Protein chains: 2
Amino acid sequence: MPYRPTAKTQARRTERRSALLKTALAIVTCEGFQALTINRLAKEAGIATGTIYKYFESKAQLCSEVFRLATEKEVEKVRAASFPEQPAHCRKRLANAVTTFAERAILGGRLAYALIAEPVNPMVEQERLTYRRAYADIFEQLIEEAVTKKQFPPQTAHVSAAALVGILSEALVAPLARGIPITDHNNLVKAIKQFCLRAVAG
Amino acid sequence: MPYRPTAKTQARRTERRSALLKTALAIVTCEGFQALTINRLAKEAGIATGTIYKYFESKAQLCSEVFRLATEKEVEKVRAASFPEQPAHCRKRLANAVTTFAERAILGGRLAYALIAEPVNPMVEQERLTYRRAYADIFEQLIEEAVTKKQFPPQTAHVSAAALVGILSEALVAPLARGIPITDHNNLVKAIKQFCLRAVAG
DNA sequence: TAAAGAAATGAATCAGGATTCATACTTTCA
DNA sequence: TGAAAGTATGAATCCTGATTCATTTCTTTA
């Protein structure tokens, strides 16, 4: 009974899968989810259309994974800024978290737009929800801690957290969506930071 | 040379067009843009598929008009709250504007979600951009006035305005998008209002 | 090397809607 | 009333991509 998958083939399989994800992410980074089709991905990866389906259940699943791949690192950075090793005043931590998000989004450019605002099909939208939720959870935890410590004024933490996500999305991406390039990064980030601090930390 | 359209037929035409819009809006209100198809609209309106195209260039145009129809009144209400007949302190005006938006969105329910957050095709997304922009413009004008009058602290008005739009969208619609019905209207609106006032009016 | 299971191939198929168009019906007015 | 022009019909067509699957190509092991 010859041939069963071996470590070597398994490895190749795994590798190819992540190569596919990387290629897909590259497409999304340059041209958004709208440009990510199975045919295009296959062509760019140099394999046949049908082969994609050996690696991914469906396009929906592929998109979700691409979204997560693009997102995980970002969320981690914001979490790290919000809950640093070194103890710090909550106000400072919030400022860092917001700045981290904003600066990375601006550097990300087209990708940030794809993740935050590009019109996408429902399955990707679902993933986006999860992503926003991840940020909101971080902010909520931070705000609750700060309110308990009397560092922030009393407020409804989950509303404030959602609001912060909204602020960041809209203030950063509205210009991108309108095709206005962000020219003055520093001032924009500063304005957003100040707004968030006033809103949450009083 | 018999028959040219007459006032009567013109009137019927106009009437039927707006009836179509109303029917389309009803569909969107109940089930979102995703449910608005030409076939369905035709069936509900009791006319043939092709006839729709006698009244609307394309589905894109139809959607845009539906969006506008749903939106115009809302924007007007917020504008009226922001710039009332009776002079009022800017803080109060902002509070009213925000409350107006929030309460109407909550009452709107499914429609609010469709207008603010439902995944839609690019043409509707374009209209949505215009809609957000309309709110942002109102807020921006109000904030600028308030800053000039020293009623609000100095800030970058257009960033604050975009941020307000973001807050309202996310704080109101994030729960809806997750399918969580909003149970405690009053507290939610209050929390949002307080957040906005802290953020903008200090 | 041969047999057998795994993987890859890519043209064909499917799906969901928008859009078209040849045909039939209405309205106007001489 | 009948010819001319406008309007409505809805089945057929088109479009865009995702998804399938019969066939071919690899890999492995006896």
Side-chain angles (χ1 to χ4, degrees), chain A residues 1-20 23-24 27-28 31-66 118-127, chain B residues 1-20 23-24 27-28 31-67 118-126:
Chain A
M1 56 227 56
Y3 190 29
R4 249 173 315 164
T6 180
K8 194 172 118 198
T9 47
Q10 279 305 321
R12 191 156 51 111
R13 190 178 161 70
T14 309
E15 169 135 358
R16 216 196 269 222
R17 189 174 203 281
S18 70
L20 279 175
T23 305
I27 293 172
V28 172
E31 301 172 51
F33 279 97
Q34 147 268 331
L36 179 60
T37 67
I38 299 291
N39 277 304
R40 163 117 183 238
L41 175 58
K43 202 187 305 182
E44 298 213 355
I47 64 177
T49 317
T51 307
I52 305 286
Y53 286 86
K54 301 294 192 237
Y55 293 91
F56 301 93
E57 194 72 15
S58 64
K59 179 159 182 209
Q61 207 210 66
L62 171 68
C63 286
S64 296
E65 293 205 28
V66 170
E118 183 189 351
V120 293
N121 55 8
M123 64 210 178
V124 183
E125 192 64 34
Q126 192 53 44
E127 206 58 39
Chain B
M1 56 225 59
Y3 190 32
R4 248 172 317 164
T6 180
K8 193 173 119 199
T9 47
Q10 279 304 322
R12 192 156 51 111
R13 192 177 161 70
T14 309
E15 169 137 358
R16 213 194 273 221
R17 190 175 203 279
S18 70
L20 280 175
T23 305
I27 293 172
V28 172
E31 301 174 51
F33 280 98
Q34 147 268 331
L36 179 60
T37 67
I38 299 291
N39 277 303
R40 164 116 183 240
L41 174 58
K43 202 187 304 181
E44 300 213 354
I47 64 176
T49 318
T51 307
I52 305 284
Y53 286 86
K54 301 291 192 238
Y55 292 91
F56 301 93
E57 193 72 16
S58 64
K59 179 159 181 209
Q61 208 209 65
L62 170 68
C63 286
S64 296
E65 294 204 30
V66 171
F67 201 101
E118 184 189 351
V120 293
N121 54 8
M123 63 211 177
V124 183
E125 191 63 35
Q126 191 54 44

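Below, read A as the first sequence line, B as the second, and so on, with proteins coming before strands; counting in each chain starts at 1. No experiment lies behind these values; they were computed from the predicted model shown.
- With hydrogens and angles ignored, the 3.5 Å screen pairs no side-chain donor or acceptor of B:Glu125 with any backbone N or O of A:Glu118.
- Within the 3.5 Å criterion, the main-chain N or O of B:Ile47 finds no donor-acceptor partner in the side chain of B:Thr51.
- Between the C1' atom of D:dG17 and the NZ atom of A:Lys43 lies a distance of 13 Å, rounded to the nearest Å.
- Here B:Arg16 lies in heavy-atom contact (under 4.0 Å) with sugar-phosphate atoms only.
- With sequence neighbours left out, B:Ser18 forms a side chain to side chain contact (heavy atoms under 4.5 Å, CB included) with no residue at all.
- The CG atom of B:Asn121 sits 15 Å away from the C1' atom of D:dC15 (whole-angstrom rounding).
- Using a distance-only test at 3.5 Å, with no hydrogens or angles considered, a donor-acceptor pair links the side chain of B:Ser58 to the main chain of B:Gln61.
- Pairs of residues two or more places apart, or lying in two chains, never qualify as ring-ring contact (aromatic ring centres under 6.0 Å, His included) while including a residue from residues 42-61 of chain B.
- Distance OH (B:Tyr55) to C1' (D:dG6): 11 Å, rounded to an integer number of Å.
- We find that CD1 of A:Ile52 is positioned 16 Å from P of C:dA7, with the value rounded to whole Å.
- Closest of all the heavy-atom pairs between B:Leu20 and B:Leu41 is O-CD1, 3.8 Å.
- Residue pairs meeting the salt bridge (Lys or Arg N to Asp or Glu O under 4.0 Å) criterion with at least one member in residues 35-55 of chain A, sequence neighbours excluded, are A:Glu31-A:Arg40, A:Arg40-A:Glu44.
- Among residues at least two apart or in separate chains, salt bridge (Lys or Arg N to Asp or Glu O under 4.0 Å) pairs with a member in residues 7-18 of chain B are B:Arg17-B:Glu65.
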Can you name the atoms? Protein N/O to nucleotides 12-21 of chain C N/O, anything below 3.5 Å, with the distance.
residue, atom, partner, partner atom, Å
C:dA18, OP1, B:Lys59, NZ, 2.4
C:dA18, OP2, B:Ile38, N, 3.0
C:dT19, OP2, B:Tyr53, OH, 2.6
C:dT19, OP2, B:Lys59, N, 2.9
C:dT19, O5', B:Tyr53, OH, 3.3

Between the protein and nucleotides 24-28 of chain D, list every N/O to N/O distance that falls short of 3.5 Å.
residue, atom, partner, partner atom, Å
D:dT28, O2, A:Tyr3, N, 3.4

